[in-house]
Amino acid sequence: MVVSTILVRRMPQAPCRTPLRRRCAMWRVGVIQYHHVFDMRWERHSMAKDGITARSKDYSQWYLDIVREADLADYAEVVRGCIVFKPTGYAIWEGIQSGLDARIKETGHVNAYFPLLIPKSFLMKEAEHVEGFAPEVAEVTHASGEELTEPYVIRPTSETIIGYFYAKWVRSYRDLPILINQWANVMRWEMRTRPFLRTAEFLWQEGHTVHATEQEAEEETLMILNDVYADFVEKEMALPVFRGLKTDSEKFPGALRTYCIEAMMQDGRALQAGTSHNLGQNFAKAFEIQFTDQSNTVQTAWTSSWGVSTRLIGALIMAHSDDDGLVIPPRLAPIQTVVVPIYKNDAEKAVVMEAVARITAEWKGKIRFKIDTRDHLSPGFKFNEWEVKGVPVRIEVGPKDVEKGSVAMARRDVPGREGKSFVPQEGLTERIVALLEEIQAALYQRAVAFKESHTRSVSTYAELKEAIETGFAYCWWAGDGDDEKRIKEETRATIRCIPLDQPGGTGTCVYTGKSATKMVVFARSY
RNA sequence: CGGGGCGUGGCUCAGUCUGGUAGAGCGCACGGUUUGGGACCGUGAGGCCGGGGGUUCGAAUCCCUCCGCCCCGACCA
């Protein structure tokens, strides 16, 4: 098993001002003696921060630049395919965890924890499951210097080990339903890795439930998709999603049906933001999860599983950030407001800091904030740094503000001076709280507008090919798995989902020309 | 795993073709002047040139071989 990992070589120390732009195509190609000339032109016309490639130039490099410049992750170059979640990146994950955990618990689930290692034989019990995961499973064969009689695999997902225990725990219909979630790390040895989007080890939550009837399992699967995942991603992450059903070729190995939410990134590609599987009786049969019903008949149970991962951090970055750096929706921002005090000498500092203390006194519990008291950095440097790091609101307090009873307030979703205004200190707390909500809403609206303007209804294959160059294609579909495969080979696009929300009626299949009853979403995906 | 690129102070790179024992900018440390959109001057610290083998009087440089990273593709949360 071999995978390739991730390491950004171009990793300048935090924000810095280099005399030559590293990624300016002009000088790269360029004539050496004119470097400085090109550099000055570039400087004047580019709003981009140092070290961040423009999205329009190289989207994938832009993503890596944001991860590095916003200090979200480090590359674990000594462990293939893995990253370190640095404090800022992990704090975003903690925000995701708390929003999801609350919803998971509100809908009746409880947390538990199952082993990292799974007997290899467990994985073999469900035919599709083995086939689906075999290529990406890491195996533990030795311990204490000796070969194990039965190797373990490091969990790529936990249906099998949890299935084993559920079989042990379930005896009667009175034991049902079982509604358990676990927060865990899993390992999938991938061919190609990208920080947050795809790494060998990642963090996630996986819910595993057992039900007495098929209908109850189906209701659970859909409830998680709508009330937990879509609700969280749209409200907290400010990311609109398509909710839908996966086609057979895209569904989870071992599932009866897989539902998903799909989000659109700024390059028009789709990112699966969450999945919820109705596992039918596949795992229940393989692990003999059985119960005695009211009429004393032994029945096989129905199970579901569902998960979202640290990949959501990648979605967050790619959906909202800009060429100036990270943009985090206020509800998920670890720091919602940063205060930059401005002063020239000790006398001014004393006055300004006194005002800052007074202004922020009532923020506790209302705003997550930080006061940037670093003395050796200029205010301008700090403005840029906090913009790169995506803090939604910045408050500047200087001697003039103290005099006038004002502060400067800047919003990250409108970068640079345009997003800056001077407001009175009086009523500032309420003003900031309101602005945070406004930014949250604005980011969502912007994402909705982007998604809508980049989703095209298409009726011919030629139109489909064109649409997926810039976004999603929405069309009638009556093809099969082979048709999907051919389209994928020809266009690199796949059916992301069959939306739950269907127009009804019939149409002509975009590919086969047959009469179709369902509309689907095609896109290239991450 | 295929095709392409790459690995030199913390970071970005020059030096490799044409072997002679390592440089720049940024960052970092100290001192001073600065501070409302990425400040400046001075002084200084920091590198077994990804690892291992070979050729050679001598290897960052040539040869072999591992390892790792980036881009494109196939596989995937």
Side-chain angles (χ1 to χ4, degrees), chain A residues 1-23 28 32 35 43 47 49-51 58-61 64 68-69 75-81 132-136 156-157 186-194 196-200 202-206 250 252-253 258 260-262 271-275 306-315 324 340-345 348-349 352 374-388 394 396-401 407-408 410 415-417 419-420 422 488-489 492 494 525-526:
Chain A
M1 282 175 274
V2 192
V3 281
S4 47
T5 333
I6 357 113
L7 178 103
V8 164
R9 274 167 292 109
R10 300 156 186 235
M11 197 184 291
Q13 204 67 313
C16 62
R17 199 151 253 292
T18 44
L20 294 182
R21 298 287 170 155
R22 296 191 307 287
R23 297 185 190 87
R28 257 194 185 166
I32 290 161
H35 278 180
E43 188 103 9
M47 291 299 290
K49 302 290 197 229
D50 274 317
D58 185 343
Y59 192 81
S60 142
Q61 185 61 51
L64 293 168
R68 166 175 34 78
E69 295 291 320
Y75 300 85
E77 63 270 22
V78 288
V79 186
R80 193 173 213 171
F133 281 104
E136 43 189 337
T157 178
V186 288
M187 180 160 274
R188 296 182 187 177
W189 216 262
E190 304 285 355
M191 292 288 99
R192 189 174 168 195
T193 60
R194 306 184 86 186
F196 299 122
L197 296 175
R198 177 161 299 103
T199 48
F202 59 94
L203 308 178
W204 75 347
Q205 60 67 217
E206 47 178 326
E250 295 280 326
F252 176 78
T258 290
C260 64
I261 51 173
E262 295 280 332
L271 189 141
Q272 182 175 300
T275 50
W306 27 275
V308 307
S309 71
T310 36
R311 187 175 221 209
L312 282 183
I313 300 172
D324 289 331
V340 178
I342 297 159
Y343 44 79
K344 289 188 175 70
N345 50 49
E348 282 187 1
K349 180 177 179 183
V352 166
R374 293 174 298 176
D375 247 342
H376 62 292
L377 298 171
S378 69
F381 183 93
K382 292 177 182 178
F383 300 164
N384 282 282
E385 178 170 291
W386 293 115
E387 276 171 10
V388 170
R394 181 181 71 247
E396 307 166 15
V397 184
K400 290 177 206 162
D401 293 306
V407 300
R417 291 193 180 85
K420 193 152 134 178
F422 289 87
K488 187 179 178 182
E489 279 162 10
R492 282 163 52 214
T494 50
S525 74
Y526 277 97

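Under the rule for a side chain to side chain donor-acceptor pair (under 3.5 Å), A/S309 has no partner lying at least two apart in sequence or in another chain. In this view, A/K420 and A/E396 satisfy the salt bridge (Lys or Arg N to Asp or Glu O under 4.0 Å) rule, not counting sequence neighbours.
When both pairing distances are held under 3.5 Å, B/C6 makes a Watson-Crick or G-U pair with B/G68. Under the Watson-Crick or G-U wobble criterion, with both distances below 3.5 Å, B/U55 has no partner in any strand shown. The partner of B/G73, taking Watson-Crick or G-U wobble pairs whose two distances both stay under 3.5 Å, is B/C1. Summarising the base pairing, B/A14 is matched to no nucleotide, lacking a Watson-Crick or G-U wobble pair whose two defining distances lie under 3.5 Å. Here B/U35 sits opposite no nucleotide as a Watson-Crick or G-U wobble pair (both hydrogen-bonding atom distances under 3.5 Å). Pairing for B/G44 is with B/C28, a Watson-Crick or G-U wobble pair whose two hydrogen-bonding atom distances lie under 3.5 Å.
Using a 4.0 Å heavy-atom distance criterion, A/D375 is classed as making no nucleic acid contact. Nucleic acid contact for A/S60: sugar-phosphate only, since backbone atoms but no base atoms lie under 4.0 Å from a heavy atom of the residue. In this structure, A/A408 reaches the bases: a heavy-atom distance under 4.0 Å links it to at least one base atom across the strands shown. A/Q272 comes within 4.0 angstrom of sugar-phosphate atoms only, judged by non-hydrogen atoms across all strands, and of no base. Among the atoms of the strands shown, none is found under 4.0 Å from any heavy atom of A/R374. Residue contacts for A/F422: at a heavy-atom cut-off of 4.0 Å it reaches a base atom on one of the strands shown. At the heavy-atom level, A/K488 lies under 4.0 Å from the strands shown only through sugar-phosphate atoms. A/L197 comes within 4.0 angstrom of a base, heavy atoms only.
Rounded to whole angstrom, the span from the NZ atom of A/K420 across to the P atom of B/G38 amounts to 10 Å. Between A/E348 atom CD and B/G36 atom P there is a gap of 11 Å when expressed in whole angstrom units. Residue A/D324 contributes atom CG, which lies 16 Å from atom P of B/G37 at whole-angstrom precision. Atoms CG (A/N384) and C1' (B/C26) sit 16 Å apart, rounded to a whole Å. A straight line from NE2 of A/H376 to P of B/A39 spans 12 Å, rounded to a whole angstrom. B/G36 atom C1' lies 5 Å from atom CD1 of A/I342, rounded to whole Å. Whole-Å rounding puts the A/Y59 OH to B/C72 P distance at 13 Å. Atom C1' of nucleotide B/G36 and atom CZ of A/F381 are separated by 17 Å, given to the nearest angstrom.
For B/G38, the base has no donor-acceptor partner in the side chain of A/K382 [N/O atoms by modelled type, under 3.5 angstrom].
Between A/F202 and B/A77, a base-stacking contact is recorded: ring centres under 5.5 Å apart, planes less than 30° from parallel.
Salt bridge annotation for A/R374-A/E385: present, with a cationic side-chain nitrogen under 4.0 angstrom from a carboxylate oxygen.
Taking the nucleotide of RNA chain B with the nearest heavy atom to each of A/R492 and A/D401, the more 5' of the two is matched to A/D401.
In terms of modelled atom types and a separation under 3.5 Å, the side chain of A/N384 and the main chain of A/F381 share no donor-acceptor contact.
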